[in-house]
Amino acid sequence: MNALDRRSALRLLAGTGLALTAAACAGPGGGPDAPRAADPSSGPATSGPVKGTVSFAHWRAEDKAVLARLTAAFSRLHPGTDVRQDVTPSADYQSTALRRIRGARSGDLFTAFRGAQFQQLVKAGVYAPLTGTPVLRRYQDALTAPGAQGGVQYGLPYQLVFNTPLANTDALDRAGHTAAPRDWDGFLQLLDDLKAKGYTPLAWPGGDAANAGQLLNTMVMNNLPEPDAFAGIETGRHRVTDDWFLTTLRQYAQLRPYLQPRAAASDADATLRLFAQGRAGLLATGSFQTAAARALGARFPVDLVAPITTAAGRARYEGVFNATFILGVNNASSVQPAAYALLEFLSEPRNAAAYADGTGQHVTVAGVEYTNPDLKALAPWLTRRTLLAPRFQFLDLDIRSAVENATVAVVRGTDPHQAAEEAQRVIDQKRA
């Protein structure tokens with residue numbers, strides 16, 4: 001499928017694509033609720049004895065084995081250290097991480113989701129700021145903004161993922177599509193042709209709040225009136241009853257015939273299995289599920305295919321990316337030198353490459369070369385016209401849920417206007 005561009009372009013961010021988009025659309029930031037800038041001199045202890053047990057808190061259970069190998073190598077390099085992974089499912093991590101990390105009960109080194117959780121942790125003062133530390137030089141400047149606030153670098157996004165539907169390109173070939181759709185009619189035609197060949201065209205985990213909203217990123221990327229329009233919904237500058245969002249909801253309604261049965265109640269594991277077994281053409285989550293699909297036996301080649309919701313000439317973006325898994329050092333840690341040393345170790349290009357190849361995740365560390373075939377296949381997306389995932393502009397998770405729940409309601413059969421009005425009522429109540 002040459003037009004889907006499987007060139008093994010391994011140069012990271014060659015001056016176009018992600019680099020420009022990341023700089024322009026790094027989330028809302030600032031505003032009246034932004035935290036005061038921390039004193040960079042209060043950063044982590046970068047010198048001192050590297051010893052003790054480091055608690056590493058994160059949500060990627062699928063990465064545990066790869067990280068165990070890396071942290072074992074770290075302990076060999078620094079005798080007298082040990083690393084204990086404290087892994088929590090992603091949904092629970094979002095709701096409980098602050099309580100567990102505050103006071104260093106867990107997470108001498110910890111991760112955060114971009115957006116609301118990162119903002120919450122900054123406000124709580126749990127970060128030892130990294131501004132001015134040597135580790136910053138390991139990262140691509142254009143991709144560190146999601147870990148900064150008020151001119152201070154609190155954390156470092158480690159993962160570079162694409163929140164763009166994952167495609168079984170064998171299925172697309174069989175459906176007669178050797179090029180990605182360039183407009184909305186073309187996307188619907190692709191779904192029609194996949195359905196005619198016996199595939200579930202688009203597997204969507206509508207019952208899993210953490211993953212159902214991933215599709216929204218690409219459904220709105222070309223409908224947005226401005227890149228930070230979701231932040232505008234939260235501030236009242238935009239409403240979900242505006243024409244651009246109603247258009248998006250109407251397009252969700254058009255997807256109903258192409259989703260698996262009971263899609264609005266399906267969980268992420270069920271849709272992943274459907275895709276991994278070769279029974280779905282597209283998986284409406286993103287590149288971060290590639291390794292999990294392989295673990296379930298998927299043997300087909302993959303690419304990314306986004307719904308282009310406009311006419312071809314009006315499409316500004318080809319897909320969506322996110323810089324997340326934000327690594328930070330705990331301000332209250334009693335083993336800060338060891339936690340910082342672990343951060344530096346993971347940030348060395350060869351170790352970041354080992355993480356990337358072992359987990360199927362691109363990384364934001366500069367100078368990394370990939371050997372994982374899937375990372376090579378998706379490498380062309382590193383320089384394409386992609387938007388920083390707008391879903392994570394929301395800092396109020398109740399407002400984000402109201403917006404995302406409107407899409408689920410439409411898939412269940414609710415009229416788009418009614419779904420939008422009900423969501424706007426919730427938003428207005430939250431903003432009151």
Side-chain angles (χ1 to χ4, degrees), residues 25-36 90-99 102 112-126 146 149-150 163 205-217 219-221 223-253 264-265 320 322 324 326 387-412 414-432:
C25 308
D33 294 326
R36 291 174 297 171
S90 59
D92 294 338
Y93 195 88
Q94 293 225 46
S95 60
T96 67
L98 175 59
R99 174 175 53 79
R102 178 181 275 149
F113 288 93
R114 173 183 154 237
Q117 185 178 57
F118 171 71
Q119 176 89 352
Q120 178 192 52
L121 293 171
V122 170
K123 285 184 175 181
V126 299
Q149 189 71 263
N163 313 72
D208 184 315
N211 285 292
Q214 298 293 359
L215 180 62
L216 183 59
N217 286 302
M219 289 291 285
V220 300
M221 66 183 180
N223 290 345
L224 294 168
E226 54 190 356
D228 66 344
F230 272 176
I233 287 175
E234 193 162 295
T235 63
R237 191 172 74 249
H238 294 291
R239 299 173 64 83
V240 292
T241 51
D242 292 347
D243 285 345
W244 65 271
F245 194 74
L246 280 172
T247 295
T248 302
L249 291 181
R250 293 187 195 101
Q251 289 170 324
Y252 265 92
V320 163
N322 199 23
T324 187
I326 301 172
L387 174 69
L388 186 61
R391 175 193 188 207
F392 300 100
Q393 293 172 13
F394 290 108
L395 300 181
D396 186 310
L397 293 180
D398 290 332
I399 291 178
R400 188 177 93 178
S401 293
V403 174
E404 294 176 350
N405 288 343
T407 69
V408 178
V410 167
V411 170
R412 285 197 176 110
T414 302
D415 176 78
H417 282 274
Q418 180 184 342
E421 289 168 359
E422 290 173 355
Q424 190 60 51
R425 278 197 292 273
V426 174
I427 294 166
D428 290 341
Q429 290 167 2
K430 285 294 297 181
R431 296 187 63 253

Residues which pass side-chain contact (heavy atoms from CB on, under 4.5 Å) with E234, listed by chain and number, not counting sequence neighbours
F394, L395, D396, I399
List the atom of Q393, the atom of A231, and the distance in Å for their closest heavy-atom pair.
OE1-N, 3.0 Å
Q418 side chain vs T414 backbone, donor-acceptor pair below 3.5 Å
no
If the condition is side-chain contact (heavy atoms from CB on, under 4.5 Å), which residues does Q251 pass it with, not counting sequence neighbours?
W184, M219, N223, T247, Q254, T309
Donor-acceptor contact present, side-chain Y252 to main-chain A409, <3.5 Å
no
Between Q117 (side chain) and Y93 (backbone), is there a donor-acceptor pair under 3.5 Å?
yes
In terms of heavy-atom contacts, I427 and A402 come closest through CG1-CB, 4.2 Å
Q119 side-chain N/O to Q149 backbone N/O, donor-acceptor pair under 3.5 Å:
no
For R114 and N322, what are the C-alpha separation, side-chain angles and deciding distance, and is it a side-chain hydrogen bond (donor to acceptor under 3.5 Å, both in side chains)?
CA-CA 8 Å; R114 173 183 154 237; N322 199 23; 2.8 Å; yes
On a heavy-atom basis, which atom in P416 and which in V410 lie closest, and how many Å separate them?
CA-CG2, 3.9 Å
How about E404 and Q214: do any of their side-chain heavy atoms sit closer than 4.5 Å?
no
What class does the angle between the rings of F230 and W244 fall in, given that below 30° is parallel, 30 to 60° is tilted and above 60° is perpendicular?
tilted
Heavy-atom nearest pair, L121 first then A112, reads CD1-CB, 3.6 Å
